[in-house]
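Numbering of ligands and ligand atoms starts at 1, following listing order.
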Amino acid sequence: MPASTRSQTVPNESNSEHDALKEKMKSLLALYEQHKQKHGAAAAAPPPSKNPSLKTGTRILVFVRVRPLAKKEMEAGSRCCVRIVDRRDVYLTEFASEKDYLRLKRLRGRHFAFDASFPDSATQQDVYSTTTSELVEAVLQGRNGSVFCYGATGAGKTYTMLGTVESPGVMVLAIKDLFNKIRMRSYDGNHAVHLSYLEVYNETVRDLLSPGRPLVLREDKQGIVAAGLTQYRAYSTDEVMALLQQGNRSRTTEPTRANETSSRSHAILQVVVEYRVRDAAMNIIKKMGKLSLIDLAGSERALATDQRTVRSLEGANINRSLLALSSCINALVEGKKHIPYRNSKLTQLLKDSLGGSCNTVMIANISPSNLAFGETQNTLHWADRAKEIRTKAINANEDLLPVPETETDQAKLVLELQKENRELRMQLARQHQKIMTLQAHSSAPPTPPSATSLLSTPPTSAPPSEKRRTRPSLLAATHFTPEAKNKGDEVAVTIRTLQQRVKALEAELERVKKDYSLQLKQKDDVIRELSQKGGKKVVATRASLRPKEANTGELKSPSYRFWSPVQTAKKRSFWDITTANSPSVTTLNGRKTRSHLISEPTAHPSMLLQPGFARKKGDI
Ligand SMILES: Nc1ncnc2c1ncn2[C@@H]1O[C@H](COP(=O)(O)OP(=O)(O)OP(=O)(O)O)[C@@H](O)[C@H]1O
């Protein structure tokens, strides 16, 4: 066959094949169209999600932390019965008892899987970043978060939550992170941070920032709240740390057989962040996120602790609230309609964290010692069960409040005025410092002139006008001319001059003080007026919180930032508690608190005192 003929035949065959394919495609498309019309859009949509978390909310994240073997445990010849596998699983080994001759040398073990598990070498930062840092970020987006530490006495709950000065725990790291994140986001003071710290002891709720009468729980729009609980407006990490330290000292502790300074109460630190954002319609919206950090009391069995005295009642109450917590967890896991939150104060307070729309994290603390096998097994079982709890689907702050523009402007103005007030107070403090220095110099005996002072004697030939303009220097007054050096009367004259200058400066300071006080008062009035105009209580302002008093112009303690709606029986300010009024051995209503461990006053408010926190690594 010639090439030309062949070349003609091939396209003819291919064309018919091509047409057949085209026909097939057409019929398939028609079929598809028919199917689409019959089943509608759903046919093309992906199948409904089988992930229950999308329907029922997010799962509680459960982590386990193993603490190092304690000295006592090592001395008692205990063995390590816990192993962390792949940073997730916990392998618990039950060693046969030496007296159990039948099972001698036989081992039993069990695997538990968690979201992550931390070996005894894990740092506080490791624990914080894995468990809590995401919650802090979510709080800044208006979502609530809770972290609670569970475990037997001495398992390391307080260490994990509060930590030590050298290794601060989750509470401190979370607040540090929160302030850093706020600083990065807003430079205009848009975020307000309020803080409260309470304990539940023997079924009573106590304010740890302002210890006094027990608080009553009531339910309002925001959930269960402790009426009269101090809300502290915080501005920096340092002051929060000092507050935590102070609050922790007021916490009820008792030596138990299992732990020398065992926390006998459940402690709840709540940090509320309020801020304003613009929505799509450019309205200003108020948002709020709440972070709850909870250090539960030891979950040990009654026998492990001292059962003879007050401890029996205390232990019963701890067990009661933890039992109530277990019942709630069981009811939540089983999907029951009624969750028995009302069975204890603790569960009432944790209602939001367990069943509400909240990101919840649980850190179960365990000891690695085989002597604590029973407690460890209980904790792991409990934690394993808690994994199944699902909190409500997160609905980033349902109650967003639109804020009218005028109110925002007012709020901004209030913030600016507050800032200005702070600066004025600082200036006042500096002036005060100056006069103190002057007074110290005037009461000191005149020092003989040094070579340098002799050389630096100011020229006497300066024109009178210049002399008047320059402020008389104190140092200049102590300079002696060589001729006057040996003359006693010259010294006396100099002292007199000095005293006159001090007096003049004191008068000047008095005038400055009066000026500043007047300015501060005026600004306070403006702030108060603006707050009242907005129809809202501005919790943070000094004027709205401080009782009316004569303005002496003296520096005030930061106690004005405590906001207690209900007066407590014996209300003390922050500084009162940490200094003069603080008894060296504290028993509050018969309770022992950590403050009995403190012998020296705090050197600097920003320093975390060891006794206020978990004991040192070496002590265990
Ligand atoms: N991860 C850890 N690294 C080093 N030391 C730790 C660790 N965890 C706990 N400890 C130490 O173990 C001891 C007991 O810890 P902690 O007081 O935190 O226990 P607890 O669970 O809070 O006990 P309680 O319920 O009785 O208050 C402390 O001395 C603490 O410093």
Side-chain angles (χ1 to χ4, degrees), residues 63-74 78 80 82 84 116-128 130-131 147-173 199-201 244 248-249 251-269 293-302 304-306 311 314-315 317-319 321-322 325 346 362-369 371-372 375-376 378-379 382-383 591-594 597 608-620:
F63 302 93
V64 169
R65 185 182 198 182
V66 187
R67 71 153 165 77
L69 261 183
K71 220 163 143 192
K72 258 191 192 169
E73 289 167 334
M74 283 198 260
S78 75
C80 178
V82 181
I84 305 293
S117 296
F118 303 99
D120 61 0
S121 56
T123 63
Q124 299 279 61
Q125 189 61 45
D126 290 340
V127 176
Y128 169 73
T130 315
T131 60
V147 182
F148 60 99
C149 258
Y150 175 83
T153 284
K157 299 177 296 296
T158 308
Y159 183 86
T160 298
M161 272 309 192
L162 272 160
T164 60
V165 186
E166 305 85 41
S167 328
V170 168
M171 284 182 176
V172 180
L173 295 176
E199 72 166 356
V200 182
Y201 173 73
L244 282 181
N248 202 48
R249 261 185 266 138
R251 203 174 157 192
T252 313
T253 57
E254 271 299 336
T256 60
R257 279 183 202 159
N259 186 357
E260 261 171 38
T261 53
S262 174
S263 310
R264 308 309 292 156
S265 65
H266 312 291
I268 304 179
L269 170 75
L293 302 158
I294 304 135
D295 178 13
L296 295 172
S299 64
E300 74 283 355
R301 281 174 305 189
T305 52
D306 197 332
R311 304 285 76 73
E314 206 179 61
N317 273 317
I318 292 174
N319 285 341
S321 45
L322 291 173
L325 188 58
L346 176 71
M362 185 178 121
I363 307 172
N365 289 84
I366 52 173
S367 151
S369 163
L371 303 176
E375 276 82 38
T376 303
N378 277 347
T379 305
W382 204 81
R591 290 177 303 125
K592 245 189 215 148
T593 65
R594 274 193 172 81
L597 295 167
L608 294 172
L609 269 189
Q610 182 65 34
F613 288 77
R615 279 148 290 129
K616 269 193 233 152
K617 203 173 177 176
D619 299 343
I620 58 169

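Under the 4.5 Å side-chain criterion, counting only non-hydrogen atoms from C-beta, S265 is in contact with R251. Two residues are said to be in side-chain contact when any heavy atoms from C-beta on lie closer than 4.5 Å; L325 and W382 meet this criterion. Side-chain atoms of I363 and C149, non-hydrogen and from C-beta on, do get closer than 4.5 Å to each other. Using a 4.5 Å heavy-atom cutoff, the side chains of L296 and L346 are in contact. No side-chain heavy atom of N365 sits under 4.5 Å from any side-chain heavy atom of T379. The closest side-chain heavy-atom distance from V147 to M161 is below 4.5 Å. Looking only at side-chain heavy atoms (C-beta outward), P368 and R67 come within less than 4.5 Å of each other.
For the pair T158 and ligand 1, the shortest N or O to N or O distance falls below 3.5 Å. At least one N or O atom of K157, backbone or side chain, sits closer than 3.5 Å to an N or O atom of ligand 1. Among the atoms of G154, some N or O lies under 3.5 angstrom from an N or O of ligand 1. Annotation: V66 places no N or O atom under 3.5 Å from an N or O atom of ligand 1; distance criterion only. Taking only nitrogen or oxygen atoms, main chain and side chain alike, Y159 reaches within less than 3.5 Å of ligand 1. In terms of N/O distances under 3.5 Å, ligand 1 is not approached by L296.
E73 places no side-chain N or O within donor-acceptor distance of the main-chain N or O of S78, the cut-off being under 3.5 Å.
Look at R65 and you'll find a heavy atom under 4.0 Å from some atom of ligand 1. Heavy atoms of G151 come nearer than 4.0 angstrom to ligand 1 in no pair at all.
For ligand 1, the atoms closer than 4.0 angstrom to any heavy atom of P68 are 1 (N), 2 (C), 3 (N), 4 (C), 7 (C). Those atoms of ligand 1 with a heavy atom of A152 less than 4.0 angstrom away are 21 (O). Close approach of ligand 1 to G298 is summarised as follows: ligand atoms under 4.0 Å from at least one heavy atom of the residue are 25 (O).
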